[in-house]
Amino acid sequence: MDFNGSDTIPGPRAADQLPHTAQAAVKIVIVGGFGVGKTTMVGSVSEIKPLTTEETMTQAGIGIDDDYGSESKTATTVAMDFGRISITDKLVLYLFGTPGQERFWFLWNGLFEGALGAVVLVDTRRLEVSFDVMGRLEERGVPFVVAVNSFPDAPRHPVEELRAALDLTPEIPIIECDVRRRASSKDVLLTLMRFLHSLALSGALT
Ligand SMILES: Nc1nc2c(ncn2[C@@H]2O[C@H](COP(=O)(O)OP(=O)(O)OP(=O)(O)O)[C@@H](O)[C@H]2O)c(=O)[nH]1
Ligand SMILES: [Mg+2]
């Protein structure tokens with residue numbers, strides 16, 4: 001039998017290998033309602049080709065899933081997104097994006113396992129879905145920052161108004177972002193890392 005043929009499994013691409021300087025890896029989850037930009041964020045910021053589990057949306061979702069503001073969307077995450085980013089030579093983040101459609105939310109439990117922190121992506125046209133999302137993180141004691149993904153036709157609110165509307169305590173960072181831009185997505189992750197660091201220093205992280 002010829003084992004040297006074209007069927008050999010290719011090794012990992014050099015670009016996909018973990019930097020040899022990496023000393024710590026941290027799991028971060030990206031959560032939020034349907035169509036808020038979770039898959040886009042993982043894709044824009046990941047240094048490896050992201051793993052996505054998107055399926056074309058079918059009639060099954062119509063009338064069940066709230067699609068306000070996402071009319072042009074044709075695909076939705078059914079399991080998770082996965083990506084990786086090196087924040088420094090030593091620190092690597094593994095990013096897990098959750099499905100946004102409520103019928104897949106049962107998968108979140110596994111995705112939250114071992115997560116050090118979370119990014120809650122918010123669309124100001126649909127603030128109400130964020131309550132469920134943040135409630136689930138609070139139940140599991142996963143610290144989070146709130147990132148407002150600025151869709152062009154979404155109403156703009158001053159940060160303190162948003163904080164009041166979302167019922168967030170003063171220490172939780174809220175930042176605006178455009179998840180299509182790598183630098184902006186990276187800024188969100190840096191904000192989360194700084195927040196986690198401050199929690200660790202204050203002894204709030206167990
Ligand atoms: N204008 C604008 N469009 C965006 C932005 N972020 C995402 N989009 C678009 O919005 C749509 C939804 O993005 P996704 O990344 O699929 O959203 P998602 O949260 O992963 O969606 P689900 O997995 O279905 O919950 C896509 O068509 C994106 O191109 C943004 O900041 N501005
Ligand atoms: Mg998605």
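First listed ligand is number 1; within each ligand, the first listed atom is number 1.
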| query | Looking at the Mg ion (ligand 2), is one of the N, O or S atoms of Thr40 less than 2.8 Å from it? | reply | no
| field | Thr98 near the Mg ion (ligand 2) via N/O/S, less than 2.8 Å | value | no
Can you find an N or O of [X] that's nearer than 3.5 Å to an N or O of ligand 1?
| X | result |
| --- | --- |
| Thr98 | no |
| Cys177 | no |
| Gly37 | yes |
| Phe151 | no |

[X]/[Y] ion pair, N-O < 4.0 Å:
| X | Y | result |
| --- | --- | --- |
| Asp123 | Arg126 | yes |
| Lys27 | Glu113 | no |
| Glu139 | Arg136 | no |

| said: Minimum distance, heavy atoms only, to atom 30 (C) of ligand 1: which one of Glu176, Arg180, Met80 is it? | reply: Arg180
| query | Taking the minimum heavy-atom distance to atom 27 (O) of ligand 1, which of Lys73, Met57, Glu54 ranks first? | reply | Lys73
Just which atoms of ligand 1 are under 4.0 Å from any heavy atom in [X]?
| X | value |
| --- | --- |
| Thr76 | 22 (P), 23 (O), 24 (O) |
| Pro152 | 1 (N) |
| Asp178 | 30 (C), 31 (O) |
| Phe34 | 24 (O), 25 (O) |
| Thr40 | 7 (C), 13 (O), 14 (P), 15 (O), 28 (C) |
| Val179 | 6 (N), 31 (O) |

Mind checking whether [X] and [Y] have side chains closer than 4.5 Å, heavy atoms only?
| X | Y | result |
| --- | --- | --- |
| Trp105 | Val133 | yes |
| Met134 | Asp167 | no |
| Val78 | Glu54 | no |
| His157 | Val148 | no |

Classify the contact between [X] and ligand 1 as side chain, backbone, both or neither, using a heavy-atom distance cut-off of under 4.0 Å.
| X | value |
| --- | --- |
| Lys38 | both |
| Asn149 | side chain |
| Met41 | neither |

| request: Identify the residue among Leu196, Leu137, Leu116 that makes a side chain to side chain contact (heavy atoms under 4.5 Å, CB included) with Pro143. | output: Leu196
| remark: Only one of Leu95, Ile48, Thr53 passes side chain to side chain contact (heavy atoms under 4.5 Å, CB included) with Phe82, and that residue is Ile48
| Between the side chains of Thr39 and Asp81, does any donor sit under 3.5 Å from an acceptor? | yes
| Which atom of Phe104 lies closest to which atom of Pro99, heavy atoms considered | CB-CB, 3.6 Å
| query | Is the closest heavy-atom distance from Gly32 to ligand 1 below 4.0 Å? | reply | no
